[in-house]
Undergrad: 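Provided herewith is a single structure, encoded as structure tokens, for subsequent inquiry.
Just so we're clear, the structure is a prediction, and the values are computed from it rather than from any experiment. In listed order, ligands and their atoms are each counted from 1. Numbering of residues begins at 1 and proceeds along the displayed sequence.
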Amino acid sequence: METVRDMDRMRGLVERARAAGRVVGLVPTMGFFHEGHLELMRRARAECDVVVVSLFVNPTQFGPAEDYDAYPRDFERDGALAEEVGVDYLFSPGAEQMYPEGFQTSVSVEEISKVMCGAIRPGHFDGVAAVVAKLFNIIPAHKAYFGQKDAQQLVIIKRMAEDLNFPLEMVAVPTVREEDGLAMSSRNSYLSQEERRAATVLYRSLETAASLIESGARNAEVIRGDMEKVISTEALVNLEYIVICDNIYLQPLPELSGEVLVALAARVGVARLIDSMVFDVE
Ligand code: PAF
């Protein structure tokens, strides 16, 4: 595996691979790898000839009062894990290269960036959309791999890629969970032992939604109400939202039908955790 810091070299390597007829897969990350990231890399490894992982903690997607400085980082360990999975290139540019003096372009995927996490973290998804658009230009891959866990991010990036004609195939990879159901996240490292235990209630509430839908429930208020009841059993978990919506426009669905996203966000101590499930409802 080669670590690449320079974006021109990175683009050159990918262009040469493409010219040689090789299929290139990109896994964008902010590092501090866990099984969820490794699963994205394994999937890319299985489907592509050349796998590029980008590792860049993107400052523009963090609000002024958010955890950019505290965001967990361990470059050595990340490099070793990526190499073990068989990644070819680890692209890790400096912030000054990504955002040189004078940078002022924004990418805003309007309506779907304003709801759910976007309502609580204004500007967050503009930062995500801009950095992902830059990565798609620097690394002109055939396929890009994203976790289903960040459900709203996935919907926004798909929209952005379609609207801006990026010729990449988006691959959504199912959420990887701990044994007790907690979705893997770099931010789980902020949880105390007690908070870590309490956080499993998020998965249990999604399981509640799953069994209600399985047994025929279609009314969003009823499902949300039962999920809230489950979450309220844990005093350490402060629910921010539960949204039941379609999985393209993120419009609330009073009655469930089609591809339905059930997504939630909650604060547990200093950690802000998100989780979701997608259901095909007839
Ligand atoms: O999901 C993430 O890790 C980040 O939001 C991403 C897509 C790498 C953009 O910085």
Undergrad: Which atoms of ligand 1 are found less than 4.0 Å from any heavy atom of V131?
TA: 9 (C), 10 (O)

Undergrad: What pairs meet the ring pair (Phe, Tyr, Trp, His ring centres under 6.0 Å) rule with one or both residues in residues 133-188, with sequence neighbours excluded?
TA: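 Non-adjacent pairs meeting ring pair (Phe, Tyr, Trp, His ring centres under 6.0 Å): F136-F166.
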
Undergrad: Around atom NZ of K114, are there more than 12 heavy atoms from other residues, nucleotides or ligands closer than 6.0 Å?
TA: yes

Undergrad: So if I count the atoms of ligand 1 from 1 in the order they appear, which ones are less than 4.0 Å from some heavy atom of T29?
TA: 8 (C)

Undergrad: Taking R43 first and then E47, would you say they form a salt bridge - that is, a charged N and a carboxylate O separated by under 4.0 Å?
TA: yes

Undergrad: Can you name the atoms of ligand 1, numbered from 1 with element, that are less than 4.0 Å from a heavy atom of P28?
TA: 8 (C)

Undergrad: Of all the non-hydrogen atoms in the protein, which one sits nearest to atom 10 (O) of ligand 1, and at what distance?
TA: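 For atom 10 (O) of ligand 1, the nearest protein heavy atom is Q61 OE1, 2.6 Å.
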
Undergrad: Say whether R204 and T200, considering side chains only, have a donor N or O and an acceptor N or O under 3.5 Å apart.
TA: yes

Undergrad: Any idea which of H37, K149, Q153 brings a heavy atom closest to atom 2 (C) of ligand 1?
TA: Q153

Undergrad: Can you list the residues that meet the ring-ring contact (aromatic ring centres under 6.0 Å, His included) rule with Y190, with sequence neighbours excluded?
TA: none

